[in-house]
Amino acid sequence: LLSTQCVNLWNEELAHFSRWRELEDVEIQAPNSMNSYGFILEDVNAQAPWKQLMREVISPISAELFPLVHGNGLDQLHSFVVEYGSGLDRELGFHVDASDVTVNLCLGEHFIGNELYFEGRRCEQHRQTPAFPGEKFFYSHQPGIAILHAGKHRHGAVSIESGIRKNVIMWCSSSTLEEADCPTW
């Protein structure tokens with residue numbers, strides 16, 4: 001999704017932001033209820049390029065890949081940065097995102113471990129059911145590469161072994177999507 005140069009520029013901006021936040025002793029809101037380290041991009045006036053990416057790239061792709069969760073287009077965005085490593089969040093428990101479509105873009109740094117695992121989509125009533133054969137898979141992050149998935153896809157992140165991993169997460173939603181009935185899982 002992003003070139004090495006663009007990833008490096010975003011990491012430089014994140015480093016500047018972290019230094020400014022420490023120097024000014026600025027408190028920031030956690031990105032979501034499951035991550036303690038990171039921040040919401042809108043809070044630092046950095047959501048505009050991600051919103052443009054959602055409208056121009058992610059929405060058309062998700063219309064083809066996920067027509068049942070796309071509605072008439074993705075028009076709402078909650079974007080944030082998360083950080084994993086020693087002294088930070090180490091893993092992320094089994095959950096579903098508060099989105100219709102999620103983009104998870106690795107900005108990297110150097111890290112070992114912290115793979116994402118997926119266990120299939122489910123409705124609210126059936127989130128804790130076991131995965132069927134072929135539903136469970138692992139994804140290893142690479143800087144500049146993004147994974148796009150339906151927001152209700154059950155997933156988590158295994159513990160990071162070493163280093164620091166930073167990701168931009170885009171929770172994209174459609175205001176026109178109607179809740180579907182519970183299918184037979």
Side-chain angles (χ1 to χ4, degrees), residues 1-2 6-7 10 14 29-44 46-84 89 91-108 111 114-124 126-129 131 135-158 160 165-180 183 185:
L1 185 63
L2 298 181
C6 190
V7 167
W10 273 103
L14 293 176
Q29 180 178 337
N32 59 57
S33 63
M34 295 186 73
N35 292 98
S36 299
Y37 296 91
F39 56 92
I40 299 169
L41 287 164
E42 189 170 38
D43 289 351
V44 295
Q47 181 157 284
W50 304 103
K51 195 157 199 159
Q52 182 177 353
L53 179 69
M54 178 188 69
R55 281 191 313 266
E56 296 177 12
V57 178
I58 305 306
S59 190
I61 291 172
S62 68
E64 294 294 321
L65 296 176
F66 312 118
L68 297 177
V69 299
H70 183 263
N72 290 332
L74 303 174
D75 56 2
Q76 299 173 352
L77 177 64
H78 176 62
S79 58
F80 52 94
V81 173
V82 293
E83 298 175 289
Y84 295 88
D89 290 324
E91 63 190 12
L92 185 61
F94 190 63
H95 69 284
V96 295
D97 295 339
S99 67
D100 296 320
V101 174
T102 296
V103 178
N104 186 331
L105 168 66
C106 182
L107 295 178
F111 61 93
N114 213 211
E115 294 87 3
L116 291 180
Y117 62 91
F118 291 85
E119 294 193 13
R121 293 186 64 228
R122 298 289 188 280
C123 65
E124 182 84 31
H126 296 96
R127 284 203 182 135
Q128 300 305 319
T129 60
E135 277 189 312
K136 190 167 187 171
F137 68 94
F138 288 83
Y139 172 78
S140 297
H141 288 286
Q142 298 176 45
I145 306 295
I147 185 167
L148 175 77
H149 64 86
K152 304 299 186 273
H153 202 129
R154 303 174 312 158
H155 65 286
V158 300
I160 192 164
R165 175 171 72 85
K166 295 178 184 175
N167 286 56
V168 171
I169 311 295
M170 299 171 60
W171 285 351
C172 309
S173 299
S174 172
S175 62
T176 62
L177 187 64
E178 295 182 21
E179 284 294 319
W185 299 103

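On a predicted model such as this, the values are computed, not experimentally measured, just so you know.
Side-chain atoms of Asp89 do not come within 3.5 Å of backbone N or O of Asn35 as any donor-acceptor pair. A donor-acceptor pair is defined here as one N or O able to donate and one able to accept, closer than 3.5 Å; no such pair exists between the side chain of Lys152 and the backbone of Gly120.
The CD1 atom of Ile40 sits 13.0 Å away from the CD1 atom of Ile169 when rounded to the nearest 0.5 Å. Note that OH of Tyr84 and CD of Glu91 are 9.5 Å apart. Values are rounded to the nearest 0.5 Å. In this structure, CG on Leu2 lies 7.5 Å from CG on Leu53, to the nearest 0.5 angstrom. Note that the SG atom of Cys172 and the CG atom of Leu148 stand 8.0 Å from one another [nearest 0.5 Å]. Here the straight-line distance linking atom CE of Met170 with atom NE2 of His78 works out to 12.0 Å at 0.5 Å rounding. The distance from the CZ atom of Arg154 to the OG1 atom of Thr129 is 4.5 Å, given to the nearest 0.5 Å.
The two residues Tyr117 and Phe138 come nearest to each other via the heavy atoms CB-CE2, 3.5 Å. Here the closest non-hydrogen pair linking Asn167 and His141 is ND2-CE1, 3.2 Å. Closest approach of Asn104 and Leu116 over heavy atoms only: ND2-CD1, 3.6 Å. Residues Ser59 and Gly73 come closest through the heavy atom pair OG-CA, 3.7 Å. Across all non-hydrogen atoms, the minimal contact from Leu74 to Met54 is O-CE, 3.7 Å. In terms of heavy-atom proximity, Val81 sits nearest to Val168 at CG2-CG2, 4.2 Å.
Of the candidates His153, Arg121, Arg122, Glu135 forms a side-chain hydrogen bond (donor to acceptor under 3.5 Å, both in side chains) with just one, namely Arg122. A ring pair (Phe, Tyr, Trp, His ring centres under 6.0 Å) with Phe80 is found for one member of Trp50, Phe39, Trp171, Tyr37 and no other, namely Trp171.
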Assess the residue pair Asp97 and Thr102 against the criterion (side chain to side chain donor-acceptor pair (under 3.5 Å)); give the C-alpha distance rounded to whole Å, side-chain angles, the decisive distance to 0.1 Å, and a yes or no. CA-CA 7 Å; Asp97 295 339; Thr102 296; 2.8 Å; yes
Notebook entry, point to check: Where do Ile145 and Cys106 land on the side-chain contact (heavy atoms from CB on, under 4.5 Å) test, with the steps shown first?
Noted result: CA-CA 6 Å; Ile145 306 295; Cys106 182; 5.9 Å; no
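Surrounding CD of Glu42 are at most 12 heavy atoms belonging to other residues, nucleotides or ligands under 6.0 Å away.
Within the 4.5 Å cutoff, the side chain of Glu119 has heavy atoms near those of the Lys136 side chain.
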